[in-house]
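Just so you know, these numbers come straight off a predicted model, no measurement behind them. By convention here, the first residue in the shown sequence is residue 1.
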Amino acid sequence: MKTEEYGKENGRIIVMLHGANFVHCFGRQYPLAEKYHLIVPHIMGFGDEADRVFDAETCVKELAAYIEGLGRKVLLVGFSLGAQLAFKLISEHPALFDAAILVSPWLNKTEQVLPEVLAQNQKQLASLKKKWLCNLIGLMNGLPSAQRKEFVAQMQKVRPETIRACVDNGITFDSVPAFRDVPFPVIALAGAKEQPDVIASVERLRELNPNCRCEIWEKAAHNIPPVFAKRFNALITETAQ
């Protein structure tokens with residue numbers, strides 16, 4: 001599994017699971033490497049793992065094995081698709097973690113909504129095949145030139161089959177009932193301007209587990225890590241203590 005690592009000299013490990021398409025969606029969190037050891041796995045189907053088609057079960061098994069190999073409990077941070085994977089990981093492998101932050105997970109999927117979301121994601125993929133747009137998005141997320149070039153090259157390899165498998169990934173409240181028993185602190189975030197299903201997912205997480213707290217950030221949309229980086233970084237630092 002390909003990973004990006006920053007701050008290897010630091011003891012406290014934070015594993016960060018990116019959203020669909022954009023390995024470097026946590027680009028504005030990388031300065032936290034001054035204090036923490038940040039590890040960003042390339043999720044199956046994206047980045048330097050784009051030669052494989054995404055499969056949620058295989059991806060979670062590989063991530064769990066990798067994190068277990070680190071030899072210590074970690075703070076898990078996930079955004080969007082990464083937050084869905086994080087939800088499944090902490091529920092099925094709680095011994096690997098001591099805290100988690102789930103940003104903008106979509107967990108209450110329905111057969112009625114799936115086609116609409118798939119169409120949106122297919123359209124996004126077509127747009128991100130445009131190299132100039134990839135570069136612009138990387139610039140907006142604070143990536144230096146070398147990482148923007150990586151992003152542009154990686155997106156050319158992402159397959160439509162991966163996008164379909166990410167949208168209809170089978171990770172829902174019903175399929176992962178063990179979240180109720182997660183024993184450590186979990187923070188679930190969404191932006192007030194996000195899709196209602198995402199906000200409802202975050203609120204439901206709080207209802208299911210007394211160790212989970214929910215925050216809905218005013219003025220935020222599906223953009224908390226890059227656009228609200230100062231506040232988000234402070235939250236990560238507080239949780240990592």
Just so I know, are the side chains of [X] and [Y] near enough to count as touching, which here means a heavy-atom distance under 4.5 Å?
X	Y	answer
Leu75	Ile236	yes
Tyr36	Thr237	yes
Thr239	Pro185	no
Tyr30	Asn233	no
Val158	Ile163	yes
Leu70	Val15	yes
Val74	His37	no

Which atoms form the tightest heavy-atom contact between [X] and [Y], and what is the distance?
X	Y	value
Ala50	Arg159	O-NE, 4.0 Å
Pro105	Ser201	O-CB, 3.4 Å
His18	Pro41	CD2-O, 3.2 Å
Ala188	Cys212	CB-SG, 4.0 Å
Pro226	Cys25	CD-O, 4.3 Å
Met44	Phe54	O-CD1, 3.2 Å

For the atom pair [atom1] ([X]) and [atom2] ([Y]), what is the distance rounded to the nearest 0.5 Å?
X	Y	atom1	atom2	value
Ile224	Glu215	CD1	CD	9.0 Å
Asp48	Glu150	CG	CD	6.5 Å
Asn223	Ser80	CG	OG	11.5 Å
Phe179	Arg204	CZ	CZ	10.5 Å
Ile39	Met16	CD1	CE	11.5 Å
Leu205	Leu107	CG	CG	5.5 Å

Listed once per pair and sorted, the ring pair (Phe, Tyr, Trp, His ring centres under 6.0 Å) pairs that draw on residues 194-218, sequence neighbours left out: none
Would one find more than 12 heavy atoms of other residues, nucleotides or ligands at under 6.0 Å from atom CD of Glu34?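 Result for CD/Glu34: open.
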Around atom NZ of Lys129, are there more than 12 heavy atoms of other residues, nucleotides or ligands at under 6.0 Å? yes
Side chains of residues 114-126: which donor-acceptor pairs under 3.5 Å do they make with residues two or more places apart or in other chains?
unit_1	atom_1	unit_2	atom_2	d
Asn121	ND2	Val117	O	2.8
Gln124	OE1	Asn21	ND2	3.1

Same apolar cluster (I L V M F W Y, side chains within < 4.5 Å links), [X]/[Y]:
X	Y	value
Leu17	Val40	no
Tyr6	Met1	no
Val167	Val103	no
Val77	Ile187	yes
Val186	Val60	yes

Side-chain donor-acceptor distances from residues 87-102 under 3.5 Å, at least two apart:
unit_1	atom_1	unit_2	atom_2	d
Lys88	NZ	Glu57	OE2	3.1
Lys88	NZ	Glu92	OE2	2.8
Ser91	OG	Phe87	O	2.7
Asp98	OD1	Arg12	NH1	3.3
Asp98	OD1	Arg12	NH2	3.1
Asp98	OD2	Arg12	NH1	3.2

May I ask you to decide if [Y]'s main-chain N or O and [X]'s side chain share a donor-acceptor pair within less than 3.5 Å?
X	Y	result
Lys109	Ile171	yes
Asn108	Ala200	no
Glu49	Lys2	yes
Asn10	Ala33	yes

Sequence neighbours excluded - salt bridge (charged side-chain N to carboxylate O under 4.0 Å, His left out) pairs with any residue from residues 177-189: none
Hey, could you give me each pair passing salt bridge (charged side-chain N to carboxylate O under 4.0 Å, His left out) that has a residue in residues 59-77? Not counting sequence neighbours.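 Applying salt bridge (charged side-chain N to carboxylate O under 4.0 Å, His left out) to every pair that reaches into residues 59-77, excluding sequence neighbours, yields Arg52-Glu62.
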side-chain contact (heavy atoms from CB on, under 4.5 Å) partners for [X], two or more places apart:
X	result
Ser104	Phe79, Glu194, Val198, His222
Ser127	Leu133
Glu238	Arg213, Leu235
Lys131	Val152, Gln156

With Trp106, the side-chain contact (heavy atoms from CB on, under 4.5 Å) member among Thr172, Val202, Leu81, Asp197: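 By the side-chain contact (heavy atoms from CB on, under 4.5 Å) criterion, Trp106 pairs with just one of Thr172, Val202, Leu81, Asp197: Asp197.
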Let's go through Phe151 and Ile137 carefully: what are the C-alpha distance in whole Å and the side-chain angles of both, what is the deciding distance for side chain to side chain contact (heavy atoms under 4.5 Å, CB included) to 0.1 Å, and is it a yes or a no? CA-CA 9 Å; Phe151 175 47; Ile137 291 174; 4.3 Å; yes
Which other residues belong to the hydrophobic cluster containing Val53, where Ile, Leu, Val, Met, Phe, Trp and Tyr are joined when side-chain heavy atoms lie under 4.5 Å apart, directly or via other members?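 Result for Val53 is none, singleton.
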Listed by chain and number, what are the salt bridge (charged side-chain N to carboxylate O under 4.0 Å, His left out) partners of Glu161, not counting sequence neighbours?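 Applying salt bridge (charged side-chain N to carboxylate O under 4.0 Å, His left out) to Glu161 gives none.
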Just to verify, what does Phe232 make a ring pair (Phe, Tyr, Trp, His ring centres under 6.0 Å) with, not counting sequence neighbours?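 Counting only residues at least two positions away or on another chain, Phe232 forms no ring pair (Phe, Tyr, Trp, His ring centres under 6.0 Å).
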